[in-house]
Amino acid sequence: MSAAPSPSAAAAHAEVHQRPVLEINQLEKCFGDTQVLTSIDLRVKPGELVFVIGPSGSGKSTMLRCCNRLEEPTSGSILLDGEHVTECHGRALDKMRLKIGMVFQGFHLYPHKTVLANVMLAQVKALKRSKPEAEARAKEMLEHVGLAHKASATPGELSGGQQQRVAIARALALDPKVMLFDEPTSALDPELVGSVLKVMKRLRDEGMTMVVVSHEMEFAREAADRVVFMDGGVVVESGTPDEIFGNPKSERLRAFLSRLSPGAA
Ligand SMILES: Nc1ncnc2c1ncn2[C@@H]1O[C@H](COP(=O)(O)OP(=O)(O)O)[C@@H](O)[C@H]1O
Ligand SMILES: [Mg+2]
């Protein structure tokens, strides 16, 4: 970098603010000889909620998992807040991973620990917060997802929807830059889905940057800034919810949508 001040410092500043929180460039992923992601490009701006749809096996989970290197990308780059996730190793990678909150279909809570302990654990182990600090933050986040009153319960005493909200609180307690959701409501009984979506909607309204893989199309219409349609490991189409649901351009997207709600398309 040159030491000379830039003549357009204001413009540069504005650009920094528009810098994507998460940036995926030309991501490719192969499992052996099988290529499951091809030339994926995705930029998620601060506060944006990007919704990812597509048939089973289209590579949605693999894409999310590459973002925090649960899967190793075959090629391409991923940047979080301008830093290369794909070039991190060891401790630096551990640190980077903490900035990416992940919520899966299964909740992965420790069954023998209380809800409060579940939300505290990674804060103490990974972020090295003191116990009182972690406890205060855990209580705050449980309050946020409407479960302060369940702090001393064990996960088995909660409904699936409540367990998923604990998992969200646990991720939030680590102060992530972005939250990635992989079918967060798919394992839930229909009557419990709403409580989880409500928490996600609230996060969005508070300005959290989010990538959500889900089949909850009504939620997408309501809450997504942008919808990305994947099929066969490529991004086929992306646009606003109105564009994607109201005016799908590709035959593949039209077919996918009509399979979801036969008769409606
Ligand atoms: N660990 C793995 N080894 C081999 N193939 C995998 C692995 N994980 C996923 N795949 C394959 O990659 C493709 C995309 O899977 P996935 O990302 O789970 O799709 P989606 O989440 O859209 O259903 C599928 O064909 C799947 O079988
Ligand atoms: Mg999946």
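Between the Arg226 side chain and the Gly239 main chain, no donor and acceptor come within less than 3.5 Å of each other. Side chain of Gln163 to backbone of Leu158: a donor-acceptor contact under 3.5 angstrom is found. Formation of a donor-acceptor pair under 3.5 Å by the Asp189 side chain with backbone atoms of Glu191 is not found in this model. Side chain of Arg254 to backbone of Lys249: a donor-acceptor contact under 3.5 angstrom is found. The backbone N or O of Thr240 sits less than 3.5 Å from a side-chain atom of Glu243, completing a donor-acceptor pair. Distance alone, capped at 3.5 Å, places no donor-acceptor pair between the Thr209 side chain and the Val21 backbone. The backbone N or O of Glu183 sits nowhere less than 3.5 Å from a side-chain atom of Lys60 that would complete a donor-acceptor pair.
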### Message
Determine whether Val44 and Leu49 satisfy the following criterion, side chain to side chain contact (heavy atoms under 4.5 Å, CB included), listing intermediate values before the conclusion.
### Response
CA-CA 8 Å; Val44 188; Leu49 192 160; over 6 Å; no
### Message
For His144 and Glu206: C-alpha separation, side-chain torsions, deciding distance, then whether side-chain hydrogen bond (donor to acceptor under 3.5 Å, both in side chains) applies.
### Response
CA-CA 11 Å; His144 209 68; Glu206 290 165 353; 2.9 Å; yes
### Task
Might you work through the side chain to side chain contact (heavy atoms under 4.5 Å, CB included) test for Met210 and Leu203, ending with a clear yes or no?
CA-CA 9 Å; Met210 300 160 78; Leu203 279 182; 4.0 Å; yes
### Task
Check step by step if side chain to side chain contact (heavy atoms under 4.5 Å, CB included) holds for Val178 and Lys99.
CA-CA 7 Å; Val178 61; Lys99 298 182 191 171; over 6 Å; no
### Message
Go through it in stages, so that I can follow the logic: the residues are Gln105 and Ser186, the test is side-chain hydrogen bond (donor to acceptor under 3.5 Å, both in side chains), and I'd like the CA-CA distance, side-chain angles, deciding distance and then a yes or no.
### Response
CA-CA 6 Å; Gln105 186 174 327; Ser186 297; 4.6 Å; no
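One finds the CZ atom of Phe51 at 7.5 Å from the CD1 atom of Ile53 (value rounded to the nearest 0.5 Å). Separating the CD atom in Glu218 from the CZ atom in Phe245 is a distance of 10.5 Å, to the nearest 0.5 Å. Going from atom CD of Gln164 over to atom CG of Leu197 covers 10.5 Å, rounded to the nearest 0.5 Å. Between atom CG of residue Leu27 and atom CG of residue Leu42 there is a gap of 10.0 Å, rounded to the nearest 0.5 Å. How far CE of Met120 is from CG of Leu142: 11.0 Å, rounded to the nearest 0.5 Å. The structure places CE of Met217 at 10.5 Å from CD1 of Ile244, a figure rounded to the nearest 0.5 Å.
Phe104 and Leu174 fall into different hydrophobic clusters, where Ile, Leu, Val, Met, Phe, Trp and Tyr residues are linked whenever their side-chain heavy atoms come under 4.5 Å apart, directly or through other members. The hydrophobic cluster containing Met141 does not contain Ile100, counting ILVMFWY residues as joined when their side-chain heavy atoms lie under 4.5 angstrom apart, directly or transitively. Met200 and Met102 are members of different hydrophobic clusters when ILVMFWY side chains are connected at heavy-atom separations under 4.5 Å.
Annotation: side chain of Leu98 is not in contact with side chain of Pro176 (no heavy-atom distance under 4.5 Å). The closest side-chain heavy-atom distance from Val115 to Thr154 is not below 4.5 Å. Residues Arg19 and Leu79 form no side-chain contact, since every pair of their non-hydrogen atoms from C-beta on lies 4.5 Å or further apart. Using a 4.5 Å heavy-atom threshold, the side chains of Arg252 and Val234 count as touching. Looking at Gln162 and Ser195, their side chains never come closer than 4.5 Å, going by heavy atoms from C-beta outward. Counting heavy atoms from C-beta outward, Arg165 and Val196 have side chains that approach closer than 4.5 Å. At a threshold of 4.5 Å between non-hydrogen side-chain atoms, the residues Arg137 and Asp175 count as touching. Taking the side chain as every heavy atom from C-beta outward, Phe181 and Val213 never approach each other to under 4.5 Å.
Gln26 and Asp41 form a side-chain donor-acceptor contact under 3.5 Å, judged by distance and modelled atom types alone. Between the side chains of Ser75 and Glu28, no donor-acceptor pair is found at a separation under 3.5 Å. Under the 3.5 Å distance criterion, with hydrogens and angles disregarded, a donor-acceptor pair is assigned to the side chains of Ser77 and Asn25. Using modelled atom types and a 3.5 Å distance limit, the side chains of His149 and Glu143 yield no donor-acceptor pair.
Applying the 6.0 Å contact sphere to CD of Glu251 captures more than 12 heavy atoms from other residues, nucleotides or ligands. Taking a 6.0 Å sphere around OH of Tyr110, one finds it holds 12 or fewer heavy atoms contributed by other residues, nucleotides or ligands.
The side chain to side chain donor-acceptor pair (under 3.5 Å) search around Glu72 returns Arg69, not counting sequence neighbours.
Looking at every heavy atom in both residues, Ala171 comes nearest to Gly101 through CB-CA, 4.2 Å. Across all their heavy atoms, Gln35 and Thr38 have their closest contact at NE2-OG1, 3.2 Å. Between Ser58 and Asp231 the shortest heavy-atom distance is CB-CA, 3.7 Å. Smallest separation of non-hydrogen atoms from Lys177 and Leu80: CB-CD1, 4.3 Å. The minimum heavy-atom distance between Thr74 and Cys30, with the atom names listed, is OG1-N, 2.8 Å. Of all the heavy atoms in Leu64 and Leu180, the pair that sits closest is O-CD1, 3.8 Å.
Between Asp225 and the options Lys45, Arg204, Arg43, a salt bridge (charged side-chain N to carboxylate O under 4.0 Å, His left out) holds for only Arg204.
Salt bridge status for Lys150 with Glu157: absent, with no side-chain N to carboxylate O gap under 4.0 Å.
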